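One structure is given below, encoded as structure tokens.
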Amino acid sequence: MWVTADGHIRQELLPDGRYDEARGTRPSAFTGRYTVTGSHLDYVDGTGFTATGDIRDGVLYHEHLVLYREEKPS
């Protein structure tokens with residue numbers, strides 16, 4: 001799970017190559033598939049819209065968003 005600093009956007013990258021992005025109180029605002037090449041991600045949502053992202057120093061830069069890895073509670 002990746003989240004913005006304010007927690008408004010939450011992006012779950014699932015192991016099967018799918019993603020689910022929640023925005024505020026709206027679950028599954030965007031869903032689709034993603035592929036990873038090294039530290040680069042390519043996204044295609046359910047409408048065919050494409051986007052990219054890069055992980056640098058443990059931070060996901062996804063288009064205009066900056067997301068941080070959310071630690072799972074123990």
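Worth saying up front: this structure is predicted, and the values here are computed from it rather than measured.
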- Message: What's the separation between atom CG in Asp45 and atom OG1 in Thr31, rounded to the nearest 0.5 Å?
- Response: 7.0 Å
- Query: Side chains of Thr50 and Asp42: does their closest heavy-atom pair fall under 4.5 Å?
  - Reply: no
- Under 4.5 Å between side-chain heavy atoms, hopping through other hydrophobics if needed: is there a path connecting Tyr34 to Tyr68? no
- Message: Under a 3.5 Å distance rule, please check whether Arg69 uses its side chain to pair with a backbone N or O of Val3 as donor and acceptor.
- Response: no
- Query: For the residue pair His8 and Thr4, what are the closest heavy atoms and their distance?
  - Reply: N-OG1, 3.3 Å
- Task: Identify the heavy atoms of His62 and Ala51 that sit nearest to each other, and give their distance.
- Result: CE1-CB, 3.8 Å
- Message: Counting neighbours of CG on Asp6 that are heavy atoms of other residues, nucleotides or ligands and sit closer than 6.0 Å, is the number greater than 12?
- Response: yes
- Task: Would you kindly check if the NZ (Lys) or CZ (Arg) of Arg23 is within the cone defined by 45 degrees around the ring axis of Phe30 and under 6.0 Å from the six-membered ring centre?
- Result: no
- Query: Do Leu13 and Ile55 belong together in a cluster built from hydrophobic side chains that touch within less than 4.5 Å?
  - Reply: yes
- Result for side chain to side chain contact (heavy atoms under 4.5 Å, CB included) between Glu12 and one of Glu70, Arg18, Met1, Glu21 points to Met1
- Would you say Tyr43 and Val36 are hydrophobically clustered, going by side-chain heavy atoms of ILVMFWY under 4.5 Å? yes
- Item | Smallest separation among heavy atoms of Pro27 and Thr25, with atom names | CD-O, 3.0 Å
- For Tyr19, all residues meeting side-chain hydrogen bond (donor to acceptor under 3.5 Å, both in side chains), sequence neighbours excluded: none
- Task: Determine the sole option in Leu67, Leu65, Asp20 for which the side chain to side chain contact (heavy atoms under 4.5 Å, CB included) test with Gln11 is passed.
- Result: Leu67
